[in-house]
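Below you'll find the structure, written out as structure tokens, and then a few comments.
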Amino acid sequence: MTVRLTVGQAVVRFLAAQRSERDGTEHRLIEGCFGIFGHGNVAGLGQGLLEAELGHDGGLKYLQGRNEQAMVHAAAAFARTRNRMSTLACTSSIGPGATNMVTGAALATINRLPVLLLPSDVFATRVADPVLQQLEDPSGQDISVNDAFRPVSRYFDRIWRPEQLPSALLAAMRVLTDPAETGAVTLALPQDVQAEAYDWPAELFRERVWHIPRTPPDAAAVARAAEVIRSAKRPLIVAGGGVLYSEATGALKEFAETFGIPVGQTQAGKGTMRSDDPLCAGAIGATGTTAANELAALADVVIGIGTRWSDFTTASRTAFAEPGVQFVNINVASFDAAKQSGVAVVADARAALDALALVLAGWKAEPAYRTRAAELAARWQATVEAAYTTRHQPRPAQSEVIGVVNEVSGERDVVLCAAGSMPGDLHKLWRTRDPGGYHVEYGYSCMGYEIAGGLGAKLAAPDREVFVMVGDGSYLMMATELVTAVQEGVKLVVVCVDNHGFASIGNLSESVGSQRFGTSYRYRSPDGRLDGGFLPVDLAANAASLGVYVLRTRTIEEFRRALVKARAADRTTLVYIETDPLLGAPSSDAWWDVPVAEVAELASTRDARASYEKAKERQRPYL
Ligand SMILES: Cc1ncc(C[n+]2csc(CCOP(=O)(O)OP(=O)(O)O)c2C)c(N)n1
Ligand SMILES: [Mg+2]
């Protein structure tokens with residue numbers, strides 16, 4: 001039996017029938033489709049989505065985006081919130097609409113988050129070439145701007161003929177649901193092919209369940225890992241995002257508890273343990289706590305679970321200073337499991353922890369070590385308390401803002417952020433509760449993810465309050481999806497922290513001897529430099545103009561009252577506050593490798609270079 005449909009209609013009908021399953025629970029794999037229409041997709045996928053909405057088809061909810069990049073961010077945040085069991089598709093027109101999604105694709109792939117991208121493409125038949133927005137390549141007519149998706153996608157295909165669609169769709173679903181391979185999956189759909197009809201085998205549209213495995217570890221690898229762990233005097237776990245995606249937080253706590261091993265957390269892994277757990281040393285690495293970084297410096301065995309060992313996590317390979325330090329890496333991806341010359345345990349995090357616990361039974365780290373770890377954790381918690389309550393005048397410190405958001409938010413509320421000084425401060429200072437409560441995108445650290453990501457997180461978890469923390473720089477980069485939140489009645493609490501520029505890069509600039517050049521938002525002064533007065537930008541008014549309920553605050557007390565009100569509100573609310581850009585979170589003396597100019601006329605740069613060369617001496621290859 002066959003069904004005659006266009007390629008656009010077939011894509012929609014197929015996507016509506018896909019399901020995912022793990023541990024016996026099924027989910028819809030593609031819950032909806034974001035789209036911005038243009039000539040590339042209005043008559044193809046757009047028409048297919050319309051038929052689906054009118055009930056002539058299997059049903060795939062259409063969501064209207066404002067910016068294609070933001071649509072992909074929202075889809076990635078949605079997938080993250082659902083622990084990768086469900087995601088959204090994104091359709092764009094050709095040319096700029098398509099290439100706007102490239103940044104979102106990179107973000108999804110770097111964070112190992114499944115998103116399905118359906119950029120439109122140039123005519124397969126070439127009859128009308130060059131079509132509006134077609135970039136022609138004189139070296140070959142099968143090249144289009146969509147080839148830019150190849151390096152940032154885990155799977156890329158272009159459907160030149162309808163016959164190619166079934167195998168491409170099946171391959172796309174396989175990659176989306178493969179825990180080791182997942183990321184952006186891109187199916188480029190030429191504009192004419194989308195509207196072309198074909199007689200599809202009816203089985204293409206049957207319901208399909210994609211089983212997400214808990215890949216068990218190889219017994220020999222577990223034995224090797226256990227041997228290394230048993231030899232440890234000062235073991236440390238580094239928990240990454242993989243722990244959350246595998247829903248292994250319970251297994252992690254039990255493992256840490258049973259064997260007396262403290263846990264440091266990466267940005268993606270910050271939600272893996274409650275901060276008030278005595279074994280939780282909190283953030284590790286460049287934006288780490290004194291607790292985790294002191295344990296890291298002394299650790300003889302480091303057990304990485306679901307981490308890709310970014311430079312922030314290893315403090316650019318200076319965090320683990322013990323000469324004989326050994327790594328054990330539990331990861332679904334062999335690529336990551338092999339890093340730092342570690343003993344590789346390629347497996348699902350939960351399955352590996354369970355297997356390792358059996359083999360380690362009877363062993364325990366020394367009780368004195370556990371006590372020491374608890375003391376360090378408690379000392380850091382006292383530092384956090386002080387940072388939450390500095391009472392800085394006249395403008396509050398960002399740490400006080402974080403403290404109030406932490407205090408006002410409930411057990412299951414979500415804090416969400418991506419770029420600026422806020423992610424590092426949150427990593428250090430946020431007190432975690434529920435595993436899904438900490439959502440900081442720090443793989444791509446993409447300015448503009450915040451509001452779009454908040455939208456995606458809230459769409460994925462409507463029963464949780466989402467607090468979006470956004471700096472003035474990131475707000476100006478992309479606040480567009482506030483309009484989508486208003487349109488969909490999706491409630492966000494947006495905390496807009498205005499410090500008139502880039503506090504983060506300003507501080508970094510100063511530390512590398514570049515004198516905060518180009519990092520604050522100022523008028524050009526008569527001497528030709530951007531160091532005049534503050535710009536008359538009113539971000540609160542901007543948000544109000546988009547239909548958002550806005551509360552302006554000046555003092556930290558006003559901020560607290562407004563935040564309580566915003567949390568109770570039934571619509572998207574932005575709370576605006578100005579903070580002092582010169583106050584950072586408490587330091588743990590960790591380093592981050594940002595090369596400094598080797599020769600310079602400026603004394604500030606030459607001084608910074610000398611410090612840089614000194615710091616580099618601590619860098620280790622972990623071979
Ligand atoms: C798209 C993008 N461009 C540039 C950067 C580099 N960058 C990181 S933080 C930052 C400034 C962010 O400013 P703001 O949102 O005001 O936060 P603040 O640093 O003031 O806390 C920049 C430019 C980035 N992360 N993402
Ligand atoms: Mg700023």
Side-chain angles (χ1 to χ4, degrees), residues 67-74 76-77 99-111 152 267 286-287 310-312 387 392 395-402 405 415-430 440-454 467-482 494-512 514 516-522 530 534-535 537-540 542-543 574-585 592-595:
N67 173 309
E68 292 85 358
Q69 184 190 134
M71 306 192 306
V72 187
H73 292 339
T99 51
N100 266 358
M101 297 203 293
V102 173
T103 296
L107 180 144
T109 295
I110 215 172
N111 286 290
V152 292
Q267 273 283 12
T287 52
S310 78
D311 65 343
F312 264 78
H392 190 265
R395 282 183 284 168
Q398 184 160 278
S399 62
E400 295 175 76
V401 170
I402 292 173
V405 178
V415 69
L416 188 144
C417 187
S421 57
M422 190 63 86
D425 290 7
L426 285 170
H427 195 208
K428 284 181 178 177
L429 300 176
W430 186 258
V440 175
E441 187 284 294
Y442 215 63
Y444 214 41
S445 186
C446 185
M447 288 170 79
Y449 175 85
E450 295 85 353
I451 289 166
F467 290 82
V468 172
M469 310 289 274
V470 61
D472 52 322
S474 283
Y475 182 95
L476 285 169
M477 186 76 74
M478 197 159 56
T480 48
E481 280 359 82
L482 283 174
V494 180
V495 175
C496 180
V497 181
D498 192 353
N499 50 28
H500 303 278
F502 307 161
S504 52
I505 310 299
N507 293 332
L508 177 63
S509 170
E510 199 164 309
S511 76
V512 296
S514 296
R516 307 187 85 89
F517 177 66
T519 62
S520 56
Y521 291 153
R522 303 292 184 106
L530 292 175
F534 288 126
L535 302 179
V537 175
D538 186 341
L539 299 180
N542 179 278
L574 180 138
V575 184
Y576 175 87
I577 187 157
E578 280 177 287
T579 55
D580 191 323
L582 298 180
L583 295 168
W592 183 37
D593 192 340
V594 177

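Counting convention: from 1, in listed order, for ligands and their atoms alike.
In terms of heavy atoms, Arg522 sits closest to Leu535 at C-CD2, 3.6 Å. Nearest heavy atoms, Tyr449 versus Ala77: OH-CB, 3.2 Å. Considering every non-hydrogen atom in both Ser504 and Ser421, the closest pair reads CB-N, 3.3 Å. Contact detail for Ala418 and Cys446: the closest heavy-atom pair is CB-O, 3.7 Å. Taking each heavy atom of Met447 and Met477 in turn, the nearest pair found is O-CG, 3.5 Å.
Every N/O-N/O distance between Ile505 and ligand 1 stays at or above 3.5 Å. The distance criterion of under 3.5 Å between nitrogen or oxygen atoms is not met by Phe502 with respect to ligand 1. Note: no N/O pair closer than 3.5 Å links Gln398 and ligand 1 by distance alone. Checked against a 3.5 angstrom limit, the closest N/O atoms of Cys446 and ligand 1 fall outside it.
At the shortest separation from atom 25 (N) of ligand 1 among protein heavy atoms lies Ser445 O, 2.8 Å. Ranking protein heavy atoms by distance to atom 18 (P) of ligand 1, first place goes to Ala503 N, 3.5 Å.
Proximity annotation for atom 26 (N) of ligand 1: of Met447, Met469, Met477, Met447 comes nearest, heavy atoms only. Nearest residue to atom 17 (O) of ligand 1 from Gly420, Gly506, Ser520 is Gly420 (criterion: closest heavy atom). When the heavy-atom distances from atom 14 (P) of ligand 1 to Gly448, Gly473, Gly424 are ranked, the shortest goes to Gly473. In this comparison of Ala419, Cys417, Pro423, Ser504, the heavy atom closest to atom 19 (O) of ligand 1 sits on Ser504.
Of all the atoms in ligand 1, the ones that sit under 4.0 Å from a non-hydrogen atom of Asn499 are 18 (P), 20 (O), 21 (O). Close contacts between ligand 1 and Ser474 involve ligand atoms 14 (P), 15 (O) [criterion: under 4.0 Å to a heavy atom]. With ligand atoms numbered from 1 in the order given, ligand 1 contributes 18 (P), 19 (O), 21 (O) to contacts under 4.0 Å with heavy atoms of Ser421.
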Walk me through it: do Val494 and Tyr576 pass the test side chain to side chain contact (heavy atoms under 4.5 Å, CB included)?
CA-CA 8 Å; Val494 180; Tyr576 175 87; over 6 Å; no
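A donor and an acceptor atom, one from each side chain of Asn100 and Gln69, are nowhere located under 3.5 Å apart. Neither side chain, Thr579 nor Gln398, offers a donor N or O lying under 3.5 Å from an acceptor on the other. Judged purely by distance below 3.5 Å, without hydrogens or angles, the side chains of Glu481 and His73 never pair a donor atom with an acceptor atom. Glu441 and Asn111 are linked by a side-chain donor-acceptor pair at a separation below 3.5 angstrom, with hydrogens and angles left out of the test.
A ring-centre distance under 6.0 Å is found for Phe502 and Tyr521.
Residue Asp472 touches ligand 1 through backbone and side chain together, judged by heavy-atom distances below 4.0 Å.
Residues passing the side chain to side chain donor-acceptor pair (under 3.5 Å) test with Arg516, sequence neighbours excluded: Asn507, Glu510.
Protein N/O/S atoms found under 2.8 Å from the Mg ion (ligand 2): Asp472 OD1, Asn499 OD1, Gly501 O.
With a 4.5 Å cut-off on side-chain heavy atoms, Val440 and Leu416 do not count as touching.
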